[in-house]
Amino acid sequence: MQTYQLYIDGQFVNAQSGAWFDSDDPFLGKPWARIAAGSAVDVDRAVQAAHRAFTDGPWSKTTATARGRLLCRLGDLIARDARRLAEVEVRDNGKLFAEMFGQVSYIPQWYYYFGGLADKIQGDVIPLDKPGFFNFTRREPVGVVAIITPWNSPLLLATWKLAPALAAGCTVVVKPSEFTSASTLEFVGLLEEAGFPPGVVNVVTGAGAETGSALVDHPLVRKIAFTGSDTTGRVVNERAARSFKHVSLELGGKSPNIVFEDANQEEAVNGVVAGIFAATGQTCVAGSRLLLQESIYEPFVEKLLALASSARMGNPMDLQTQVGPVTTLAQYRKVLEYIEVAKAEGARLLMGGGPAQRPECGSGWFVEPTIFGDVDNRWRIAQEEVFGPVLSIIRFKDEEHAVALANDSQYGLGAGVWTADIGRAHRMAERIQSGIVWVNCYRAVSFLSPFGGYKHSGLGRENGIDSVREYLQVKSVWINTGAPTANPFVLR
Ligand code: NAD
């Protein structure tokens with residue numbers, strides 16, 4: 001078994017308790033690595049190291065230009081090692097090598113983009129209305145940032161936070177998911193080679209309730225950048241509020257993929273399949289509700305079933321595989337439970353509906369890609385996030401009805417609209433309550449474009465130029481250049 005230690009102050013170290021936990025390979029359904037189980041003591045060591053690096057270490061004296069160069073060098077090293085890092089991610093989360101290699105190969109762009117941005121973070125000179133004063137603003141890093149990530153895309157989602165945090169001049173402690181910690185620990189080995197001083201980035205692995213909450217509660221942490229479920233996000237937000245920490249939250253979704261009768265049906269079928277069965281449905285933006293115009297319901301469903309039922313399952317390392325296993329045993333059980341919930345609610349099972357018992361799936365945690373027809377949007381299967389390969393099809397009459405159904409959700413992360421009518425595309429983009437709307441495409445992301453949710457799907461935005469502000473605070477500086485001494489008892 002491979003062994004992974006914590007990374008604190010530039011050193012790989014054991015947890016102080018000496019405890020370990022196993023990380024499973026979802027394709028084999030058994031452990032492949034041992035990870036150090038960090039506790040509150042280790043969290044404190046990591047946060048103290050990050051705090052020293054922020055206040056006294058060489059990082060605090062590194063110019064923004066030099067920070068940017070370090071980020072770019074890190075990007076180059078990730079590009080060099082993309083295959084190795086992607087293989088570790090596949091081992092841990094069971095997602096397709098093709099998907100993870102694509103993701104890891106794209107990650108350097110975030111380090112180049114935010115590396116370039118580092119020395120363009122500027123304050124303003126304020127054209128003050130009061131003579132005799134010079135007033136300017138400084139944009140300062142918030143301090144130590146806690147980055148907490150989920151199991152589905154560990155390095156990509158850590159990068160979305162790490163690159164802007166480092167560009168801003170913050171230091172960081174990362175707590176990856178206890179189910180997929182290995183790739184983050186492989187990745188931090190590149191920091192020293194890139195030239196980052198010790199303590200700037202630290203990693204403490206362990207369970208959410210113990211390690212994660214110790215990080216959220218630590219008094220020297222000033223900002224929490226979290227991706228995960230809305231249930232955990234709520235707890236993190238409430239606890240962070242006790243010490244007035246900055247918080248950004250990327251949470252779950254129940255995203256509608258809306259197909260109108262005028263859409264190119266072949267393209268839309270591809271987009272619907274990509275939205276729910278890519279990554280075995282384990283993406284926050286999974287298009288888990290297909291809203292289908294009733295005039296094309298039958299022919300579209302026929303085409304959809306033909307494509308979805310041809311999906312090849314099996315070893316995620318095999319480039320021919322299209323649907324891999326579910327990442328954790330608990331999640332595998334949860335997906336199967338939701339399938340039973342949908343059946344009990346009266347949804348019509350059109351495809352799948354249980355564990356995959358194909359020989360190519362071996363002893364892995366595989367669920368058959370599942371499609372339910374005639375779903376009522378009020379049912380649990382249409383309102384709760386499954387986070388697996390389960391699609392619910394809901395009929396709509398017209399545009400008005402589609403908007404009402406799309407917005408009848410506590411979530412608001414992504415939405416797809418398939419139509420040939422440009423006016424309708426714009427109307428839908430305006431009326432749908434979600435942070436991302438894709439028209440005639442689905443599940444596209446870029447370092448340049450803001451990503452985040454409305455309603456219970458989160459707070460704040462990642463990616464794009466403004467996301468660096470999540471790691472900055474503004475100071476207003478007043479300099480008296482000759483204003484006469486005023487009456488001390490009234491506001492100047
Ligand atoms: P999760 O909420 O169970 O765990 C996320 C992280 O929080 C893990 O590292 C976990 O250890 C930690 N954690 C758990 N309890 C904690 C606590 N009390 N204090 C601090 N940290 C704690 O989520 P998951 O099951 O790992 O991931 C799946 C969820 O993530 C889904 O809901 C999915 O939609 C969401 N997600 C969102 C996005 C997005 O960008 N919006 C992207 C990917 C995944």
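Along the sequence shown, the residues carry numbers beginning at 1. These figures come from a predicted structure and were not determined experimentally. Just so you know, ligand 1 is whichever comes first in the structure, and atom 1 is the first atom listed for that ligand.
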Please report which non-hydrogen protein atom sits nearest to [atom], along with the residue it belongs to and the distance in Å to one decimal place.
| atom | answer |
| --- | --- |
| atom 43 (C) of ligand 1 | Asn152 ND2, 3.2 Å |
| atom 35 (C) of ligand 1 | Gly228 O, 3.1 Å |
| atom 25 (O) of ligand 1 | Trp151 NE1, 3.0 Å |

Heteroatom distance test ([X], ligand 1): nitrogen or oxygen, under 3.5 angstrom:
| X | result |
| --- | --- |
| Glu385 | yes |
| Val216 | no |
| Ser229 | yes |

> Using a distance-only test with no angle check, is there a side-chain donor-acceptor pair under 3.5 angstrom linking Asn377 and Arg289?
Replying inline: yes

>> I need the full list of salt bridge (Lys or Arg N to Asp or Glu O under 4.0 Å) pairs touching residues 436-445, with sequence neighbours left out, sorted by first then second residue.
In response: Glu99-Arg443

> Side chain or backbone of Ser457 under 4.0 Å from ligand 1, or both, or neither, by non-hydrogen atoms?
Replying inline: neither

Proximity winner for [atom], if only heavy atoms of [options] are counted:
| atom | options | answer |
| --- | --- | --- |
| atom 1 (P) of ligand 1 | Leu249, Thr232, Thr149, Ile147 | Thr232 |
| atom 21 (N) of ligand 1 | Gly212, Gly206, Ala207, Ser153 | Gly212 |
| atom 18 (N) of ligand 1 | Leu251, Thr327, Val235 | Val235 |

> Considering the options Lys223, Arg461, Lys161, which one meets the side chain to side chain donor-acceptor pair (under 3.5 Å) requirement together with Ser248?
Replying inline: Lys223

>> Evaluate Phe54 against Trp59 for ring-ring contact (aromatic ring centres under 6.0 Å, His included), listing each step before the verdict.
In response: CA-CA 6 Å; Phe54 183 73; Trp59 184 248; 9.3 Å; no

>> List the residues meeting salt bridge (Lys or Arg N to Asp or Glu O under 4.0 Å) with Arg34, not counting sequence neighbours, and say none if there are none.
In response: none

